[in-house]
**Student:** 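After the structure tokens below, expect a handful of questions from me.
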Amino acid sequence: KTAAEEHISFFLEDQIAYLNVRQFTIKTGQRVREDFEQLQRSANFTITKLILDLRQDGGGSVTGALELSDYLISKDTPAKTNVLMKMENSQNTLYYYLGDHNSVNIGSFSNSTFVVLMDGGSASASEITVNALKDHGIAKVMGTQSYGKGVAQNYFTLSNGYGLFV
């Protein structure tokens, strides 16, 4: 089951929020945001420590990864660039910028209060998210080496109603 379907979130001891994503869908960013906001409403304190668990997350929607990353990275985060992700193919280069996918942010975290967990089952969209958080200096990555898929797939709707992943 995925966080997008199950809203897997809770508090660990010492007031640490835990968010778990098992597969990225186009709604993952929105669902994780709802999970975090629900946790914040139920707490009698401001959440300042966060664990995002992407272990055994084989990936999925690149849009979901971009929305989640955009939500987690504060617009006030000092960065070398406001580029969230760059995708290249033989014909062109696409840039995705902070703020393109989400106008709301989770808040300000740093790599001393935000940990992302990954393992050999973490691939594709989860790797995009991990690298965006790491590159912007807001999360510490812990675990083992990811799957290393290194490619992104796009979904195209065909005229007959079917879809195609490329």
Side-chain angles (χ1 to χ4, degrees), residues 1-12 16-42 47 50-75 77 83-89 94-107 109 114-136 138-139 141-166:
K1 301 190 182 196
T2 69
E5 296 166 352
E6 291 297 317
H7 300 270
I8 303 168
S9 59
F10 53 86
F11 284 109
L12 299 171
I16 300 170
Y18 174 88
L19 301 170
N20 179 274
V21 177
R22 290 283 181 224
Q23 180 182 7
F24 279 83
T25 69
I26 59 171
K27 294 187 177 194
T28 298
Q30 172 190 339
R31 301 300 176 144
V32 170
R33 183 174 86 198
E34 291 169 359
D35 292 349
F36 184 83
E37 290 171 353
Q38 177 62 36
L39 282 174
Q40 187 61 73
R41 282 192 298 274
S42 70
I47 298 172
L50 177 63
I51 294 173
L52 177 63
D53 190 347
L54 299 178
R55 292 175 296 176
Q56 295 301 305
D57 181 333
S61 168
V62 172
T63 300
L66 292 171
E67 286 183 3
L68 179 59
S69 299
D70 209 354
Y71 175 59
L72 294 171
I73 299 170
S74 172
K75 303 302 178 282
T77 301
V83 174
L84 184 57
M85 186 178 84
K86 174 179 150 183
M87 292 178 68
E88 296 181 63
N89 63 29
L94 296 173
Y95 291 92
Y96 297 90
Y97 296 94
L98 287 172
D100 282 354
H101 295 277
N102 218 322
S103 60
V104 179
N105 290 115
I106 200 168
F109 289 94
F114 185 3
V115 172
V116 180
L117 303 176
M118 64 185 301
D119 65 8
S122 305
S124 185
S126 61
E127 292 171 311
I128 291 168
T129 302
V130 166
N131 284 302
L133 298 174
K134 181 180 172 189
D135 289 350
H136 283 83
I138 66 160
V141 180
M142 298 181 78
T144 59
Q145 183 175 338
S146 68
Y147 182 77
K149 185 175 177 184
V151 297
Q153 295 175 324
N154 291 313
Y155 181 80
F156 298 95
T157 303
L158 303 176
S159 61
N160 61 4
Y162 288 91
L164 173 68
F165 279 104
V166 179

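Computation of the quantities below employed the complete heavy-atom set of this structure, encompassing side-chain atoms and omitting hydrogens, waters and symmetry-equivalent molecules.
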**Student:** At their closest point, which heavy atom of V141 faces which heavy atom of M118, and how far apart are they?
**Tutor:** CG1-SD, 3.4 Å
**Student:** Which pair of heavy atoms, one from S122 and one from S146, lies closest together, and at what distance?
**Tutor:** O-CB, 3.3 Å
**Student:** Do S126 side-chain atoms and D57 backbone N/O form a donor-acceptor pair below 3.5 Å?
**Tutor:** yes
**Student:** Carefully, step by step, assess L54 and F24 under the rule side chain to side chain contact (heavy atoms under 4.5 Å, CB included).
**Tutor:** CA-CA 10 Å; L54 299 178; F24 279 83; 4.1 Å; yes
**Student:** If you apply the rule side chain to side chain contact (heavy atoms under 4.5 Å, CB included), what do you find for L133 with L52, and how did you get there?
**Tutor:** CA-CA 11 Å; L133 298 174; L52 177 63; 4.1 Å; yes
**Student:** Working to the nearest 0.5 angstrom, can you tell me the gap between L12 CG and L50 CG?
**Tutor:** 10.0 Å
**Student:** Could you tell me which non-hydrogen atom of I138 sits nearest to which non-hydrogen atom of L72, and how far apart they are?
**Tutor:** CD1-O, 3.3 Å
**Student:** Hydrogens and angles aside, do Q38 and E34 bring a side-chain donor and acceptor to less than 3.5 Å of each other?
**Tutor:** no
**Student:** Given 3.5 Å as the limit, does a donor-acceptor pair link the side chain of D70 with the main chain of L66, or not?
**Tutor:** no
**Student:** Going from CD1 on I73 to CZ on F114, what distance comes out if it is rounded to the nearest 0.5 angstrom?
**Tutor:** 8.5 Å
**Student:** Output the distance between atom CZ (F10) and atom CG (D35), rounded to the nearest 0.5 Å.
**Tutor:** 11.5 Å
**Student:** Roughly how far apart are I26 CD1 and R31 CZ, rounded to 0.5 Å?
**Tutor:** 10.0 Å
**Student:** Backbone N or O of I47 within a donor-acceptor pair of the Q40 side chain at under 3.5 Å?
**Tutor:** yes
**Student:** Please check if the side chain of R55 supplies one atom and the backbone of V21 the other of a donor-acceptor pair under 3.5 Å.
**Tutor:** no
**Student:** Is there side-chain contact between V116 and T129, with heavy atoms separated by less than 4.5 Å?
**Tutor:** no
**Student:** For A125 and S61, which heavy atoms make the closest approach, and how far apart are they?
**Tutor:** CB-O, 3.6 Å
**Student:** Can you measure from CG (N20) to CD (Q56) and round to the nearest 0.5 angstrom?
**Tutor:** 10.5 Å
**Student:** So how far is it from L68 CG to R33 CZ, rounded to the nearest 0.5 Å?
**Tutor:** 11.0 Å
**Student:** Measure across Q30 and E67 and return the closest heavy-atom pair with its distance rounded to 0.1 Å.
**Tutor:** N-OE1, 4.4 Å
**Student:** Please enumerate all residues that pass salt bridge (Lys or Arg N to Asp or Glu O under 4.0 Å) together with D119, with sequence neighbours excluded.
**Tutor:** none
